[in-house]
Amino acid sequence: MAWFICVGILLLCSKSEQCTTGNASKLIEHTADHFFEKMQSGKMYFIYFGKQVNPTIGLFIEQLEKSADALEDYGISVAKVNCTNEHIAKYCTGEDLMKKVYLFRDGNVLKSFDTDTVFDVNAIVSHVLL
Ligand SMILES: *[C@@H]1O[C@H](CO)[C@@H](O)[C@H](O)[C@H]1NC(C)=O
Ligand SMILES: *[C@@H]1O[C@H](CO)[C@@H](O)[C@H](O)[C@H]1NC(C)=O
């Protein structure tokens with residue numbers, strides 16, 4: 001009996017290791033043109049608009065990258081727009097530290113979030129899908 005549990009745990013471990021090795025990021029970085037084009041596609045997008053990165057925002061972007069896989073399963077693409085290089089009226093605001101993330105469908109904002117609210121993968125997924 002104990003032997004079976006051991007093998008089971010070993011199998012689980014090697015399986016989850018496989019899952020975490022392929023770390024190709026699914027986070028897309030949009031240019032302004034790209035953004036407007038994608039907004040016409042009818043897909044859902046979860047997009048962070050940012051400029052400067054402090055440690056908190058850096059962590060958030062890491063979590064955003066990680067959530068891309070999970071959200072893709074629900075047909076939602078995760079993207080980032082760097083407002084230092086691109087200017088998108090309405091979403092690229094004057095602040096240097098931007099803390100807004102938006103969920104879009106058909107070019108409309110369905111919901112907006114503060115980066116403090118969607119601070120990790122679980123929070124991102126549950127807020128976006130709610
Ligand atoms: C995986 O992540 C590491 C460290 O973040 C990076 O250097 C490497 O290029 C990534 N691999 C892929 C396939 O994205
Ligand atoms: C935007 O780009 C600048 C450099 O072009 C970089 O320093 C900054 O970290 C980027 N911001 C985000 C949110 O990716």
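Counting starts at 1 for both ligands and their atoms, in listed order.
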Look at atom 2 (O) of ligand 2 and find which of Asn54, Asn82, Thr84 reaches it with the closest heavy atom.
Asn82
Quick check against the 3.5 Å criterion: does Gln63 have a side-chain atom that pairs as donor or acceptor with the backbone of Val121?
yes
What I'd like to find out is whether the side chain of Ile76 reaches to under 4.5 Å of the side chain of Leu129, using heavy atoms alone.
yes
Counting heavy atoms only, which part of Ile57 comes closer than 4.0 Å to ligand 2: side chain, backbone, both or neither?
neither
Where the side chain of Lys111 meets the backbone of Leu130, is there a donor-acceptor pair that is under 3.5 Å apart?
yes
Would the distance check show the side chain of Asn54 and the main-chain N or O of Thr56 forming a donor-acceptor pair, the cut-off being under 3.5 Å?
yes
Pairing donors with acceptors under 3.5 angstrom, does anything connect the side chains of Asn82 and Thr84?
yes
So is Gln52 polar-close to ligand 2, meaning N/O to N/O under 3.5 Å?
no
What atoms of ligand 2 come closer than 4.0 angstrom to any heavy atom of Lys80?
14 (O)
Is atom 7 (O) of ligand 2 touching the protein, meaning some protein heavy atom lies under 4.0 Å away?
no
Any nitrogen or oxygen of Tyr48, main chain or side chain, under 3.5 Å from a nitrogen or oxygen of ligand 2?
no
Atoms of ligand 2 under 4.0 Å from any heavy atom of Asn85, numbered from 1 in the order shown, are 2 (O), 5 (O)
Look at the side chain of Lys99 and the backbone N and O of Ile57, then say whether any donor-acceptor pair between them is shorter than 3.5 Å.
no
Atom 9 (O) of ligand 2 [closest protein heavy-atom partner, distance rounded to 0.1 Å]:
Val53 CG2, 3.3 Å
Would you check, one step at a time, whether the test ring pair (Phe, Tyr, Trp, His ring centres under 6.0 Å) holds for Tyr74 with Phe46?
CA-CA 12 Å; Tyr74 296 94; Phe46 184 61; over 10 Å; no
For atom 11 (N) of ligand 2, what is the closest protein heavy atom, and at what distance to 0.1 Å?
Lys51 O, 2.7 Å
